[in-house]
Structures are given as structure tokens and as C-alpha cells.
Amino acid sequence: MAWSSSSSTSQQKHEVFLSFRGEDTRYTFTDHLHATLTRLQIKTYIDYNLQRGDEISSSLLRAIEDAKLSVVVFSQNYGNSKWCLDELVKILECKRSNGQIVLPIFYGIDPSHVRNQSGSYAEAFVEHEKRFKGNINKVQKWREALREAANFSGWDCSVNRMESELVEKIAKDVLEKLNRVYVGDLDQQIAKYEQLAQLQKQYFETIPNLENCHNHRATVKRITDLKMERNIRMLRLSPDMLSHLENSNNNNHFGF
């Protein structure tokens with residue numbers, strides 16, 4: 001869901017679905033990632049419902065279907081959860097049917113353990129096969145889903161780096177995969193400078209001296225520069241393209 005728990009009757013439209021094992025990462029990595037995605041204005045469905053039934057809910061299935069991209073946080077106990085595995089199967093169905101993007105994240109787990117159902121995943125499937133011995137096809141479907149998802153390009157969190165840095169990079173990767181550009185930081189700066197310019201203008205009108213005039217002009221110029229930077233970011237202009245545009249403008253200026 002975009003903000004609230006999955007028990008809400010109406011959900012905001014979202015772009016990203018987060019699949020994760022609550023007991024492993026709900027209050028740590030996944031919470032930090034969700035906060036960063038929200039800061040970047042990426043509407044994300046995160047399920048806060050701690051009590052789950054035997055079957056995946058219809059509202060959760062719809063949430064997966066509505067997403068453009070699913071982030072799957074594989075952790076030590078992800079494979080223990082029938083609910084998580086059902087989510088994963090549905091996510092991969094959506095990838096095949098409507099091209100949903102799947103981004104796997106391996107948090108505290110070796111990707112090969114997910115791919116081959118070894119380590120803690122081997123232990124989980126011993127229990128699954130006992131519990132669902134009358135429905136071996138279901139267990140096999142889970143195995144195939146883990147194997148398929150673990151082969152997608154994703155993020156291995158075992159790399160030695162700060163988690164805050166890692167979460168930021170993953171969120172920016174999601175932004176790129178959604179073909180979105182974030183300009184919220186520039187919008188905030190522009191709004192602050194516009195407020196400052198208004199105050200400076202009022203102050204200059206009260207005390208019209210050269211220093212106050214220069215201060216106001218400098219602020220207006222800063223607003224213009226920030227708006228230009230915003231436009232460049234929105235247009236996704238690379239340094240090479242900018243250089244080409246500047247050269248073209250210079251040539252036109254001299255009449256060539």
C-alpha cells in the first residue's frame with residue numbers, strides 16, 4: 001500500500017510493492033527503504049498487517065497487480081513464510097503477464113541460498129514438504145519462483161558499506177527503473193529562496209540602498225539557476241548534451 005496497512009478499505013495508487021519477511025526486516029532495513037522511497041515521492045505499498053490467514057488476501061493480490069515494480073527483500077527467514085512465497089509467485093506472474101519489474105535484494109543471505117534453496121532455505125523447505133506433502137506442486141512452484149527471482153539483477157547487501165548509503169542507492173535505482181526523475185529537493189530550495197526574495201524585496205522597499213538591492217538580485221539569480229537545474233534534470237540532459245547546446249548557442253550568437 002502507499003501509506004497505510006493492508007487492512008485499509010481504500011488504498012492510494014502506488015508504483016512499488018514491497019515483499020519482505022516482517023520478523024527479519026520490518027523495523028530495520030525495509031522500514032529504512034520505505035522511508036527513503038517515500039522521501040523520493042515514490043508511492044509504495046508496504047503491508048503492516050501482522051496477523052495473516054492461511055491464504056493471501058485478495059486486496060494484497062490486487063496491490064501486487066497494480067504495482068509497476070516489486071522489491072523483494074530476501075532475508076534469512078523469507079523462505080519460511082508461505083505468505084511471502086505466495087507473494088513471490090504472484091509477483092512473477094505479473095512480470096510475465098504485464099511486464100512488472102522485479103528487483104531482488106539479498107539482505108543477510110547469500111543469493112545462492114535463495115537460488116538453490118540451501119542453508120536456511122533448505123531447512124524451510126523440509127518443513128514445507130512435510131506440511132504440504134499432499135500438494136507437492138505448490139512447493140515446486142515456490143522453488144521455481146525462488147530460483148527465477150534470484151537470477152534477476154539486484155542488490156547484495158552483504159557488500160561492506162553503510163546501510164544508509166545502500167538504501168539511498170537502491171531507492172535511486174528504483175526511481176531510474178520507474179523512468180522517474182526526482183526534483184523534490186530542488187522544489188524545496190526554490191520555495192525557500194522565493195520566500196527569501198519576497199522578504200528582501202520588502203526590506204529594500206523600506207530601506208532602498210545598494211546592498212539590499214544586490215542581495216535581492218543575488219537571490220533572484222539563485223532562483224533562476226535552480227529552476228534551470230530543475231529543467232535540465234527533468235529533460236535528462238547529459239553533460240555532453242549540455243556542452244553541445246552551449247556550443248550551438250555560442251555559434252548562433254556569432255552568426256555562424
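The first residue of the sequence shown is numbered 1, and numbering continues consecutively from there. Given the structure is predicted, the values throughout are model-derived calculations rather than measurements.
Ion pairing of Arg21 with Glu23 is present here, as a side-chain N (NZ or NE/NH1/NH2) and a carboxylate O approach within less than 4.0 Å. Arg39 and Glu168 are joined by a salt bridge, as a carboxylate oxygen and a charged side-chain nitrogen come within less than 4.0 angstrom of each other. Ion pair Glu129/Lys133 not flagged as a salt bridge, since none of the NZ, NE, NH1 or NH2 atoms sits closer than 4.0 Å to an Asp/Glu carboxylate oxygen. Salt-bridge annotation for Asp86 and Lys90: absent, with no side-chain N of the basic residue lying under 4.0 Å from a carboxylate O of the acidic one. The residues Arg62 and Asp66 are annotated as not salt-bridged, no charged nitrogen and carboxylate oxygen being separated by less than 4.0 angstrom.
Counting only heavy atoms from C-beta outward, the side chains of Arg26 and Asp31 never approach each other to under 4.5 Å. At a threshold of 4.5 Å between non-hydrogen side-chain atoms, the residues Phe74 and Leu146 count as touching. No side-chain heavy atom of Leu37 sits less than 4.5 Å from a side-chain heavy atom of Leu175. Looking at Glu165 and Lys169, their side chains come closer than 4.5 Å, going by heavy atoms from C-beta outward. Residues Lys68 and Leu178 are in side-chain contact: their nearest non-hydrogen atoms beyond the backbone lie under 4.5 Å apart. Annotation: side chain of Leu60 is in contact with side chain of Trp83 (closest heavy-atom distance under 4.5 Å). In this structure, Gln198 and Gln195 have side chains that are not in contact, with every pair of non-hydrogen atoms separated by 4.5 Å or more. The closest side-chain heavy-atom distance from Glu148 to Arg96 is below 4.5 Å.
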Give the C-alpha distance, both sets of side-chain angles, the deciding distance and a yes or no for side-chain hydrogen bond (donor to acceptor under 3.5 Å, both in side chains) between Ser112 and Asp110.
CA-CA 5 Å; Ser112 67; Asp110 191 307; 2.8 Å; yes
Going through the checks in order, is the side-chain contact (heavy atoms from CB on, under 4.5 Å) test met by Ser70 and Gln100?
CA-CA 7 Å; Ser70 281; Gln100 184 177 118; 2.5 Å; yes
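Between the side chain of His14 and the main chain of Ala63, a donor-acceptor pair closer than 3.5 Å is present.
Atom CG of Leu33 sits about 9.5 Å away from atom CD of Glu163, to the nearest 0.5 Å. Here the CD-CG distance, from Gln200 to Asn215, works out to 5.5 Å after rounding to the nearest 0.5 Å. Taking CG from Asn80 and CD from Glu127, the interatomic distance works out to 8.5 Å, rounded to the nearest 0.5 Å. The structure places CG of Asp173 at 5.5 Å from CG of Leu103, a figure rounded to the nearest 0.5 Å.
With a 6.0 Å cutoff to the six-membered ring centre and a 45° limit on the axis angle, Lys227 does not count as a cation-pi contact of Tyr193.
Atom CZ of Phe152 is surrounded by more than 12 heavy atoms from other residues, nucleotides or ligands within 6.0 Å. Glu205 CD: more than 12 foreign heavy atoms inside a 6.0 Å radius. More than 12 heavy-atom neighbours from other residues, nucleotides or ligands sit within 6.0 angstrom of NZ on Lys95.
For the residue pair Ser118 and Asn116, no side-chain donor N or O sits within less than 3.5 Å of a side-chain acceptor on the partner.
For the ring pair (Phe, Tyr, Trp, His ring centres under 6.0 Å) with Phe29, the qualifying choice from Phe106, Phe20, Tyr107 is Tyr107, the only one to do so.
Between His128 and Phe132, the ring-plane angle classifies as tilted under the 30° and 60° cut-offs.
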